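Report on the structure given below.
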Amino acid sequence: MIRFIIALATIVALFSVSKAAPATIATTQQLAKRRPVGFNITSIQNKGKGCPAKTLGVSMSNDLANLTFLYSSMYATGGPGVENDIKQKGCQVSLKMALPKGYAFGIETITYRGWYRLDDGVKAVHSSAYSFSGYSYHVSTARSVYQGPMGGEYYGVHSSYNYTEHTRSPCGSETITETTFYAVDLIFVDNSQNANGWGFIGNKNVSSQLSQVYGFKWYEC
């Protein structure tokens, strides 16, 4: 538990670098009647031991409904003599996005999938957090805990969010033409209850990937 609190504090600290005033938010919740024109991801930056260079793939669906991260080096292992930096892996992603005038989008769902194997008394955690530029005072999170024994299987988690000012972008306008979407993923293995136990969480091997999908919902504003 102490390790998770420290890890979560690290996530919040990452998002608290910017102290900009809150951006203008959408004041209506009317669903967009058509696919917005003008949206584009203009810049991608990532850092962390869970996403070394060329190990993170980012894509947007043609209907602008799903933003997908694919990690090929996001895995953590815990066991006797394993160093803490192997037990925990994370990645911070920053995406600059061009906003269509008169539209805002909300993060409605987060779905992540991976693989884990845990001995008795060994625990694994997968946590995520995200925010938008101008909203550094608030971070939306998702967290899943897995308790061993578990012989080895894939896991999938689906989290839903209400449409609020904390889970949506600013409204595109003449003066607000872009936003930055910040996301952090963190996984770790805790064998403190069984010092001789082993555990693993993340992408199963080099040919598989841990996936994270953000479900977008577009609104007119």
Side-chain angles (χ1 to χ4, degrees), residues 1-15 46-58 66-93 107-131 139-162 167 182-215:
M1 176 61 72
I2 294 176
R3 185 178 290 113
F4 173 72
I5 293 173
I6 295 173
L8 185 57
T10 301
I11 289 176
V12 174
L14 286 171
F15 283 125
N46 60 278
K47 62 181 179 180
K49 293 183 178 180
C51 56
K54 300 181 180 180
T55 65
L56 171 66
V58 178
N66 293 293
L67 172 67
T68 300
F69 294 171
L70 293 176
Y71 296 98
S72 59
S73 190
M74 177 76 84
Y75 55 85
T77 301
V82 175
E83 299 293 331
N84 286 335
D85 62 349
I86 305 298
K87 293 181 180 179
Q88 177 176 297
K89 293 287 181 68
C91 182
Q92 179 187 3
V93 183
I107 302 298
E108 187 177 44
T109 61
I110 297 179
T111 303
Y112 48 85
R113 297 181 177 88
W115 190 89
Y116 64 161
R117 189 199 69 77
L118 303 168
D119 286 345
D120 188 30
V122 179
K123 178 174 66 176
V125 175
H126 184 156
S127 59
S128 301
Y130 75 89
S131 183
V139 177
S140 296
T141 62
R143 178 176 183 257
S144 297
V145 181
Y146 306 99
Q147 188 70 50
M150 185 59 63
E153 63 180 58
Y154 289 94
Y155 67 89
V157 177
H158 183 81
S159 299
S160 299
Y161 297 86
N162 293 325
T167 57
Y182 302 103
V184 170
D185 282 317
L186 178 70
I187 57 175
F188 69 87
V189 175
D190 181 0
N191 69 326
S192 60
Q193 301 302 310
N194 179 4
N196 294 316
W198 287 87
F200 178 94
I201 185 171
N203 58 295
K204 185 177 181 182
N205 49 50
V206 294
S207 62
S208 66
Q209 295 173 314
L210 184 150
S211 66
Q212 183 109 339
V213 180
Y214 294 88

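Just so you know, these numbers come straight off a predicted model, no measurement behind them. We number each residue from 1, following the sequence as shown. Heavy-atom basis, side chains included; hydrogens, waters and symmetry copies ignored.
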Practice item. Look at the side chain of Asn194 and the backbone N and O of Asp120, then say whether any donor-acceptor pair between them is shorter than 3.5 Å. Key: yes

Practice item. Let me see the working for Ile201 and Val189 under side-chain contact (heavy atoms from CB on, under 4.5 Å), right down to the final yes or no. Key: CA-CA 7 Å; Ile201 185 171; Val189 175; 3.9 Å; yes

Revision key, fill the gap. One should read off an interatomic distance between Ser127 OG and Leu186 CG, to the nearest 0.5 angstrom, of 4.0 Å

Exercise for review: State whether a side-chain donor-acceptor pair under 3.5 Å links His126 with Tyr155.
Suggested key: yes

Review point. How many angstroms lie between atom NZ of Lys49 and atom NZ of Lys89, to the nearest 0.5 angstrom?
Key: 8.0 Å

Practice item. Hey, could you give me the CD/OG distance between Glu108 and Ser160, rounded to the nearest 0.5 Å? Key: 7.0 Å

Check your understanding: Roughly how far, to the nearest 0.5 Å, is OG of Ser128 from OH of Tyr112?
Key -> 5.0 Å

Show me the donor-acceptor pairs, under 3.5 Å and distance only, between side chains in residues 145-154 and residues at least two apart or in other chains.
none

Exercise for review: Run the numbers on Phe188 and Lys87 for side-chain contact (heavy atoms from CB on, under 4.5 Å), then give the verdict.
Suggested key: CA-CA 5 Å; Phe188 69 87; Lys87 293 181 180 179; 5.5 Å; no

Exercise for review: Applying salt bridge (charged side-chain N to carboxylate O under 4.0 Å, His left out), name anything that partners Arg113, two or more places apart in sequence or on another chain.
Suggested key: none

Point to revise | By side chain to side chain contact (heavy atoms under 4.5 Å, CB included) - contacts of Asn66 (at least two apart) | key: Ser61, Val213

Revision key, fill the gap. Rounded to the nearest 0.5 Å, the CH2 atom of Trp115 sits from the CZ atom of Phe200 at a distance of 6.5 Å

Review point. Can you find a pair of side-chain heavy atoms, one from Asn46 and one from Phe69, that are under 4.5 Å apart?
Key: no

**Study point:** Nearest atoms (heavy-atom pairs only) where His158 meets Thr111
**Key:** ND1-OG1, 2.6 Å

Review point. Among all residues two or more places apart in sequence or in another chain, which pass the side chain to side chain contact (heavy atoms under 4.5 Å, CB included) test with Asp119?
Key: Arg117, Val122, Trp198

Revision key, fill the gap. Sorted by chain and residue number, the side chain to side chain contact (heavy atoms under 4.5 Å, CB included) partners of Leu70 (sequence neighbours excluded) come out as Thr68, Gln209, Ser211

Review point. Between Asp185 and Gln212, what is the shortest heavy-atom contact and its length?
Key: OD1-NE2, 2.8 Å

**Study point:** Closest heavy-atom pair and its distance - Ala142, Ser159
**Key:** CB-OG, 3.8 Å

Revision key, fill the gap. Heavy atoms of Tyr214 and Ala129 approach each other most closely as OH-O, 4.5 Å

Study note, to complete from the structure: Here the gap from Ile187 atom CD1 to Tyr116 atom OH, rounded to the nearest 0.5 Å, amounts to 13.5 Å

Practice item. Please list, chain by chain and in numerical order, all residues satisfying side chain to side chain contact (heavy atoms under 4.5 Å, CB included) with Ser73, sequence neighbours excluded. Key: Pro52, Thr55, Tyr75

